[in-house]
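Any value given below was found using the heavy atoms of this structure, including those in side chains, with hydrogens, waters and symmetry copies removed.
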Amino acid sequence: MLNFSRWAVAGILLPLLIGVLCAIPSFLPDNVVSRLPQPLQTRVNLGLDLSGGSHLLLEASTQDVAKQRLANMEEQVRTELRRGGERIAIGDISSRGGKLSFMVRNPAQVDAAVERIRPLTQGAGLTGQRDFNVEVVNSSTIVVTPTSAGIDNAVKSAMEVATEVIRKRIDEMGTREPTIQQQGGNRIVVQVPGLQDPKALKDLLGQTAKLEFKLVDTTANPAEAAQGRAPVGSEVLPYPDNPSGILAIAVKRQVMVSGEDLTDATQGYDQNNQPIVNIRFNGSGGRKFGQVTSQNVNRPFAIILDGKVLSAPNINEPILGGSAQISGNFTVESANQLAIALRSGKLPVALTVVEERTVGPQLGADSIRAGLVASIIAVVAVAAFMFVSYGRFGMYANLAVAINVLVILGVMGILGATLTLPGIAGFVLTIGTAVDANVLIYERIREERRRGRGVVQAIQFGYKEASRTIFEANVTHAIAGGIMLALGSGPVKGFAIVLLIGIATSVFTAVTFTRLLVARWLRTHRPTEIHI
């Protein structure tokens, strides 16, 4: 227990040295940290309550999810009934009442149509239901109705995807350590430390970024389109920047190419030095875009974003390079935001801001100051108590506490953890309990001395016998912290992270590091009595 080889000494001191070195950048200015080697650029990130920033609560519309699923199913039904050697002719598909209904022109093909459509439906999670019901009405009309279980499963999937898309978009903004969590069934909490103006964040996250390319219906009457009427197979969409002044335009319902085929989007400038967005398609999207533009030369096509037409240029020649430009009434900032939104992917559901808060840095500065004062008082009080109670051994414990504080910061910096106000509370609690292990060990050493054991034997038995109790006590402590980390969110999770790191580092410094110091002292001075 008290014999340490050189490798054992190195194995104890090296991790502590690395932890202390990784803690130092957290106390240095940004311009100094940026000049350090990359492995040493580890800093503890401050949470929203310490550094200030923006808080948004976003809500998704379940009706929007249901509407999109219905539109997707309509496109799949059309494609499925057209494919194969035997095409099944149908009438116009109606989506009134939140369900699809259409008539099969040849009644003899009704059963074949149902057989083709049913495989398009899927199981709704573990509910045992399908996401759509397919039934025949009046012998020739097929009705496809979404089920409640299917809608619930789609909302859950959409929220998971939306959370990841939001995370990608915020990462593209260059902010560090945002908090993005799903709340309830259809809400997402977004907290971005250090961002004092939430307008750009709202503009970015409020953009669904659903990009579509559709042909303009040149047969439509502009006057009727302005009144919201379009020919069969077309739809009317708003066109705010239409050069003709008509704020609506009729486009074909069929999508030529969608934003799902994009691989990259960047902000750039056109030949007139106006901001644009350069986009590049993947192989499949590039082939589709080239094929459609080749077949529709001298016809206009609409570039549609989130249901609004950005521009409707004319196809002067086939676009075969797999890339294109999105032009519109952009500023550099709005073009850059659109490029970020397109790169990160479209949101599967539109999100609206239902709560917005901005936390100023002054509150965080007061919290940091109060936390520092509390930490200093805790360290001084604990150190004084340990020195008065245990003398030399108390000094060893105090040194372990000081190193433990730095190692906690170092580990948080390595993990990229965020320090919040509850985290400071966990920090102070860790300092207060860091010497518990030493108290158990030193009291056990006293007990062994009273039993008549020698100095070396008493110390050896004290560390050995107390270690079991220390381990069991900290395991129960860690179980509680682990549950808070797994089930908690926000402040609770911040507290749990600091607590768990503190448990691991305090046990290592309080037991292993102090045992090394005591062993060195015994080997050097060979005392016949200890005052503890």
Student: Enumerate the residue pairs fulfilling salt bridge (charged side-chain N to carboxylate O under 4.0 Å, His left out) with a member in residues 376-404, sequence neighbours excluded, ordered by first and then second residue.
Tutor: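 Qualifying pairs, neighbours excluded: none.
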
Student: Would a 4.5 Å heavy-atom cut-off, applied to side chains only, mark F461 and I445 as touching?
Tutor: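 No, side chains not in contact.
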
Student: Kindly determine whether I188 and V190 satisfy side chain to side chain contact (heavy atoms under 4.5 Å, CB included), including the steps that lead there.
Tutor: CA-CA 6 Å; I188 299 175; V190 179; 4.1 Å; yes

Student: Nearest 0.5 Å, please: how far is CG in D152 from CG in D131?
Tutor: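 If I round to the nearest 0.5 Å, the distance is 12.0 Å.
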
Student: Under the side chain to side chain contact (heavy atoms under 4.5 Å, CB included) rule, what do M484 and L499 come out as? Steps first, then yes or no, please.
Tutor: CA-CA 10 Å; M484 286 192 292; L499 186 64; 3.9 Å; yes

Student: After noting the C-alpha distance and the side-chain angles of L485 and L500, does the key distance pass the side chain to side chain contact (heavy atoms under 4.5 Å, CB included) rule?
Tutor: CA-CA 9 Å; L485 181 64; L500 289 173; 3.8 Å; yes

Student: What heavy-atom pair brings A10 and P15 nearest, and what distance separates the two atoms?
Tutor: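 Taking every non-hydrogen atom into account, O-CD, 4.0 Å.
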
Student: Atom CD of residue position E333 - does it have more than 12 heavy atoms of other residues, nucleotides or ligands inside 6.0 Å?
Tutor: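 Atom CD in E333 is not crowded, with 12 or fewer foreign heavy atoms closer than 6.0 Å.
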
Student: Using 0.5 Å steps for rounding, measure from the CG atom of N278 to the OG atom of S323.
Tutor: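 Here the rounded value is 8.0 Å.
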
Student: Look at the side chain of T505 and the backbone N and O of G502, then say whether any donor-acceptor pair between them is shorter than 3.5 Å.
Tutor: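 Indeed, once roles are kept as given, a pair shorter than 3.5 Å links the two residues.
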
Student: For Y396, enumerate each residue passing the ring pair (Phe, Tyr, Trp, His ring centres under 6.0 Å) test, keeping only those at least two apart in sequence or located in another chain.
Tutor: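 Not a single residue meets the ring pair (Phe, Tyr, Trp, His ring centres under 6.0 Å) criterion with Y396.
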
Student: I'd like to know if the side chain of N398 and the backbone of G394 have a donor-acceptor N/O pair within less than 3.5 Å.
Tutor: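 Yes; judged by distance alone, with no hydrogens or angles, the pair exists.
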
Student: For the CG atom of L351 and the CZ atom of R187, what is their distance to the nearest 0.5 Å?
Tutor: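 Taking CG in L351 and CZ in R187, the distance rounds to 12.0 Å.
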
Student: Does any N or O in the side chain of N186 come within less than 3.5 Å of the main-chain N or O of A60, such that one atom is a donor and the other an acceptor?
Tutor: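 Judged by distance alone, yes, a pair lies under 3.5 Å.
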
Student: Counting N and O atoms only, with roles assigned by atom type, does the side chain of S389 sit under 3.5 Å from a partner on the main chain of M386, one being a donor and the other an acceptor?
Tutor: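 No, because the side chain of S389 does not come within donor-acceptor range (under 3.5 Å) of the backbone of M386.
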
Student: Can you find a heavy atom in the side chain of Y463 that is under 4.5 Å from one in the side chain of V518?
Tutor: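 When only atoms from C-beta onward are counted, V518 and Y463 do touch, with a gap below 4.5 Å.
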
Student: How close do C22 and P25 get, heavy atom to heavy atom, and via which atoms?
Tutor: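 Nearest heavy atoms, C22 then P25: O-CD, 3.4 Å.
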
Student: List the atom of Q267, the atom of P275, and the distance in Å for their closest heavy-atom pair.
Tutor: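 Heavy atoms of Q267 and P275 come nearest at NE2-CB, 4.2 Å.
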
Student: Above 12 or not: heavy atoms from other molecules or residues under 6.0 Å from NZ of K67?
Tutor: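 Result for NZ/K67: open.
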
Student: Taking R449 for its side chain and R453 for its backbone only, find out whether a donor-acceptor pair lies under 3.5 Å.
Tutor: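 Judged by distance alone, yes, a pair lies under 3.5 Å.
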
Student: Any donor-acceptor pair under 3.5 Å linking the side chain of N474 with the backbone of I470?
Tutor: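 Yes, N474 side chain to I470 backbone: donor-acceptor pair under 3.5 Å.
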
Student: A quick test of your reading: do over 12 heavy atoms of other residues, nucleotides or ligands sit less than 6.0 Å from CD of Q63?
Tutor: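 Not more than 12 within 6.0 Å, no.
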
Student: Before you tell me yes or no, could you show the steps for F393 and I441 under side chain to side chain contact (heavy atoms under 4.5 Å, CB included), namely the whole-Å CA-CA distance, both residues' side-chain angles and the distance that decides it to 0.1 Å?
Tutor: CA-CA 10 Å; F393 287 78; I441 293 169; over 6 Å; no

Student: Are any of the side-chain heavy atoms of T514 and T509 separated by less than 4.5 Å?
Tutor: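 No; the side chains remain at least 4.5 Å from each other.
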
Student: Going by heavy atoms in the side chains, are E355 and L56 under 4.5 Å from each other?
Tutor: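 No, too far: nothing below the 4.5 Å cut-off.
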
Student: Any donor and acceptor pair, going by atom type alone, linking the side chain of S157 with main-chain N or O of N153 inside 3.5 Å?
Tutor: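 No: the side chain of S157 does not pair with the backbone of N153.
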
Student: Can you find a pair of side-chain heavy atoms, one from R444 and one from K464, that are under 4.5 Å apart?
Tutor: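 No, too far: nothing below the 4.5 Å cut-off.
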
Student: Are R526 and V455 packed together at the side-chain level, in the sense that at least one heavy-atom pair is separated by less than 4.5 angstrom?
Tutor: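 The answer is no; the side chains never approach within 4.5 Å.
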
Student: Given 3.5 Å as the limit, does a donor-acceptor pair link the side chain of D264 with the main chain of R280, or not?
Tutor: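 No; zero donor-acceptor contacts below 3.5 Å.
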
Student: Measure the CD-CZ distance between Q457 and R451 for me, rounded to the nearest 0.5 Å.
Tutor: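 Atom-to-atom, Q457:CD and R451:CZ are 12.5 Å apart.
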
Student: Any side-chain heavy-atom pair from L517 and L399 closer than 4.5 angstrom?
Tutor: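 Yes, at least one pair of side-chain atoms sits under 4.5 Å.
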
Student: Looking only at heavy atoms, which two atoms of A23 and L406 are closest? And how far apart?
Tutor: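 So the two residues come closest at CB-O, 3.1 Å.
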
Student: Is R446 salt-bridged to E443, going by a charged N under 4.0 Å from an acidic O?
Tutor: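 Answer for the salt bridge query: yes.
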
Student: Ignoring hydrogens and angles, tell me if any N or O in the side chain of Y269 forms a donor-acceptor pair with the backbone of I276 under 3.5 Å.
Tutor: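 Flag not set: sc Y269 to bb I276 has no pair under 3.5 Å.
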
Student: Do you know the tightest heavy-atom contact between V277 and A335?
Tutor: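 Smallest heavy-atom distance, with atoms named: CG2-O, 3.5 Å.
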
Student: Nearest 0.5 angstrom please: L522 CG to R520 CZ, how far?
Tutor: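 CZ of R520 is found 12.0 Å from CG of L522.
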
Student: With a 4.5 Å heavy-atom cut-off, do L57 and Q183 have their side chains touching?
Tutor: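 Heavy-atom side-chain distance check passes, below 4.5 Å.
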
Student: Closest heavy-atom contact between R69 and P146?
Tutor: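 Answer, listing the atom of R69 first, then P146: NH1-CB, 3.9 Å.
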
Student: Does N438 reach the main-chain N or O of A510 with its side chain, forming a donor-acceptor pair under 3.5 Å?
Tutor: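 Yes: the side chain of N438 pairs with the backbone of A510.
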
Student: Rounded to the nearest 0.5 Å, what separation is found between the CH2 atom of W521 and the CD1 atom of I530?
Tutor: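 With rounding to 0.5 Å, CH2 (W521) is 6.5 Å from CD1 (I530).
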
